[in-house]
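Every value quoted in this text rests on a predicted model; they were computed, and no experiment measured them. Per chain, numbering begins at 1; letters A, B, ... match sequence-line order.
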Amino acid sequence: MATTKVIDWDKVGGGIKRKSIFLEITFILPVAVLFLLVIMAIFAPLLAPYPYDQISMQDRLLPPFFMDGGTTAHLLGTDNIGRDILSRVIYGAQISLSISLIVIAITASIGTVLGILAGYLGGRTDAFLMRVTDISLSFPAILIAILMAVTIGPGYWTVVLAISMLGWAPYARLIRGEALKLRESDFVAQARIIGASPVRIMFRHIFPNVLNPLIVMVTLSVGFVILTEAALSYLGAGIPPPAASWGNMVNDGRTFIDTAWWMSLFPGIVIGLVVLAGNFLGDWLRDKMDPRLRQL
Amino acid sequence: MTRFIIVRLLQAFVALIGISILIFLLVRASGDPTLLFRTPLSTEEDIARIRADLGLDKPMPEQYWIFIKDLAHGDLGDSIVKRRPVTDMILERLPNTLSLALSSFLVSMLLAFFLGILAATRRDGWLDNGVKFLAILGQALPGFWVAIMAILVFSVYWQIFPASGTGGFTHFVLPVATMAFFLMPGMLRLVRSSMLDVLDSEYIKMARIKGLPERVVIWKHALRNALIAPLTTAGMIFAMLITGAVITENVFAWPGIGRLSIEALVSRDFPVVQGVTLMVAVAVLLINLLVDILYAYVDPQIRYQQM
């Protein structure tokens, strides 16, 4: 893996093996993709050549520019009602990104609090919370989302609520395991001897020490949330049209798959790239911060 | 052991009550369920009749009691659109979902175990890297998109396999393949890592020192112990199976319960969706219960820890 070495970090690090993080491709590429996603989401109105909902009936089903009949005016072609695919892909970043941020903020907070409570307090609290966690982990979120879409109606906040409802469970499971180990550590015992209250111990002593696995988990769940939102939108239980969500774009293309494959292809590739980036970055962080969690 | 099972059974029962309350409230939290029945021509009287018909004029606890009583009789209510018992509609579609889910499950598990073990024994070789790549792709690409692209390639372009519906063996190929591609990666990673752990252990070294052939060491001694870790994730695999079924059935117009729930979503037929969700909830509880008991049976430590 050795590439051009500007500084020999192996020696600078005082014998500890260290490489400049900027030399690692598994770090740069995912960060670049995610950075691009953020840029796309924030500057969508400036970057997109057309508004996401601009219909143009004479430009229906135009192929991408590199094919016969394609024009550079619509680089990735148009859909069945003449909307520009590229513009919709760019606007789609707004939905994917904002939903991931909100859902992760909610689920990580709930999961961390419940995980620390279960791990530190132990006993009946632990047994009860872990039962609930087990059941939540084995319940398909997609069904809850469909049930909510049918009763409340599909929409942005329905998606957020539906994914959050079960999404806290993996966090609780992970953090509980960490808290359980920390509870037995010397510094927690000392804090207890000094007379620190359980709340103080949990907040000041346990919490800072579960941050590493928490950050890894947060990164890894970006992909999960984006995939779930896309699947829900694909099924019609997510973001309703005319909003541009990558999932409902793939769905729009399902009917035209034999004639206009580009309608489904491009949004799907973008979903794959972003999820890949999130997963790679998460794996990279896990290797750096917590090698014990390493899986593959 | 008997006490352990009784405690677990009681817990599962309590959990069932919890979930039923949650689903009951979720449906009512939407505000007024009569809104779902209303047409622009409905009069106040019609709405009042609907309310009485659904039992919505009764107090909440009584409504819940009726809901539970019906549930205990296997009565999930009637579909608003089809005017038929939801239980019948689900039972009609269930075999299709089971055949799809089971075959995908078997295909993905066989592949996951076979490839996972091979990858673990040839760590960092080309096979290991290839398997890793496959797993990474399977976890990143959206299942519904992979399914549509499979249709594009195999049904539209090459016209080998049908794009939708049920029928003969060929109808199974694309749905099962895409669903297995979605299910396999998680299991594959787990098998590979637990196999690596086991291969590193003392008793495997011992078996090798004894001079046992490598084939026996891996497929008998190591495999048996590497099986325990994947067993604990049975619950999560079930969730993935349902998710996979809902998505795959919809892409391939497969007449199972996943497709049923989306048809019901489109026509806003909430009793059907509620029925499917409840049925899955019961299945989730049963599977968790079974895994717990099985696991306690395999590993006695757990029995005593969690009394």
Side-chain angles (χ1 to χ4, degrees), chain A residues 127-128 130-132 134-154 165-166 170 223-224 226-228 230-231 233-237 246-247 250-251 253-254 257-259 261 264-265 267-269 271-280 283 294-296, chain B residues 11 15 18-19 23 26-31 33 36 132 135-137 139-146 148-149 151-152 155-156 163 189-190 192-193 234-243 246-247 250-251 261-262 264-266 268-270 272-274 276-277 280-281 284-285 287-288 306:
Chain A
F128 173 73
M130 281 307 111
R131 284 279 92 187
V132 178
D134 278 348
I135 292 167
S136 302
L137 277 174
S138 42
F139 209 94
I142 213 158
L143 273 186
I144 293 284
I146 296 171
L147 184 63
M148 287 174 76
V150 110
T151 54
I152 311 173
M165 226 157 146
L166 298 170
F224 167 76
I226 288 181
L227 276 179
T228 312
S233 295
Y234 173 80
L235 293 169
W246 296 334
V250 176
N251 186 25
R254 167 71 177 89
I257 192 64
D258 44 352
T259 49
W261 48 264
S264 291
L265 181 78
I269 290 179
I271 300 172
L273 275 180
V274 173
V275 176
L276 218 53
N279 290 356
F280 265 113
D283 284 345
R294 190 155 189 199
Q295 242 196 16
L296 192 111
Chain B
Q11 282 176 346
I19 290 177
I23 292 174
L26 210 58
V27 171
R28 270 126 193 109
S30 59
L36 300 170
K132 256 189 240 176
I136 286 167
L137 270 193
Q139 280 185 323
L141 297 175
F144 55 90
W145 181 79
V146 172
I148 291 177
M149 290 303 127
I151 291 177
L152 177 63
S155 312
V156 177
R189 293 183 108 173
L190 202 67
R192 182 182 172 274
S193 64
M236 266 183 269
I237 292 173
F238 179 75
M240 284 188 77
L241 263 176
I242 298 293
T243 310
V246 173
I247 291 168
N250 275 286
V251 179
S261 54
I262 297 299
L265 166 66
V266 174
R268 303 210 71 173
D269 197 348
F270 83 83
V272 175
V273 181
Q274 177 185 276
V276 172
T277 315
V280 170
V284 163
L285 290 176
I287 282 173
N288 273 309
Q306 298 189 359

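- Most heavy-atom pairs under 4.5 Å with chain B, from the set A/Pro140, A/Ala127, A/Ser264, A/Gly272: that is A/Pro140.
- Only the side chain of A/Asn279 comes within less than 4.5 Å of a heavy atom of chain B; its backbone N, CA, C and O stay farther away.
- Residues passing the side chain to side chain donor-acceptor pair (under 3.5 Å) test with B/Ser261: none are found, sequence neighbours excluded.
- Heavy atoms closer than 4.5 Å to chain A are found in both the backbone and the side chain of B/Ala281.
- Neither the backbone nor the side chain of B/Ile237 comes within contact range of chain A; no heavy atoms are under 4.5 Å apart.
- In this structure, A/Phe128 CZ and B/Gln11 CD are separated by 10.0 Å, a value rounded to the nearest 0.5 Å.
- With sequence neighbours left out, the ring-ring contact (aromatic ring centres under 6.0 Å, His included) criterion links B/Phe144 to A/Tyr234.
- No part of B/Ile287 comes within reach of chain A, as not one of its non-hydrogen atoms sits under 4.5 angstrom from that chain.
- Of the atoms belonging to B/Leu152, heavy atoms from both backbone and side chain fall under 4.5 Å from chain A.
- Scanning both residues, B/Leu26 and A/Thr151, for their nearest heavy atoms gives O-OG1, 3.9 Å.
- Interface remark: B/Met149 contributes side-chain atoms only to the contact with chain A (heavy atom separation under 4.5 Å).
- Annotation: the span from A/Ile146 atom CD1 to B/Gln274 atom CD amounts to 14.0 Å, rounded to 0.5 Å.
- Among A/Val274, A/Leu227, A/Thr228, A/Val132, the residue with the largest count of heavy-atom pairs under 4.5 Å with chain B is A/Leu227.
- Considering only heavy atoms from C-beta on, A/Val250 stays 4.5 Å or farther from B/Pro142 through its side chain.
- Note that the CZ atom of A/Phe139 and the OG1 atom of B/Thr277 stand 6.0 Å from one another [nearest 0.5 Å].
- Using a 4.5 Å cut-off on side-chain heavy atoms (C-beta onward), A/Ile269 and B/Trp145 make contact.
- Distance check: A/Leu276 CG to B/Leu141 CG gives 7.5 Å after rounding to the nearest 0.5 Å.
- The shortest heavy-atom contact between A/Gly236 and B/Leu265 is O-CD2, 3.7 Å.
- Contact of A/Leu265 with chain B is made through backbone and side chain together, with heavy-atom distances under 4.5 Å.
- Looking at every heavy atom in both residues, B/Val284 comes nearest to A/Ile135 through CG1-O, 4.1 Å.
- Residue contact with chain B, scored on non-hydrogen atoms closer than 4.5 Å, is absent for A/Met130.
- With a 4.5 Å cut-off on side-chain heavy atoms, B/Ile151 and A/Trp261 do not count as touching.
- There is no contact between A/Phe224 and chain B, counting heavy-atom distances below 4.5 Å.
- Proximity of B/Asn250 to A/Arg254: side-chain heavy atoms (C-beta onward) are nowhere separated by under 4.5 Å.
- Annotation: the span from A/Ile142 atom CD1 to B/Ile242 atom CD1 amounts to 10.5 Å, rounded to 0.5 Å.
- Residues B/Arg189 and A/Asp283 are paired through a salt bridge, judged by an N-O separation under 4.0 Å between the basic side chain and the carboxylate.
- For the residue pair B/Ile23 and A/Leu147, the shortest heavy atom distance occurs at CG2-CD2, 4.0 Å.
- Heavy atoms of A/Ala231 lying under 4.5 Å from chain B belong to its backbone as well as its side chain.
- Residue B/Val156 touches chain A through its side chain alone, counting heavy-atom pairs closer than 4.5 Å.
- Heavy atoms of B/Val251 lying under 4.5 Å from chain A belong to its backbone as well as its side chain.
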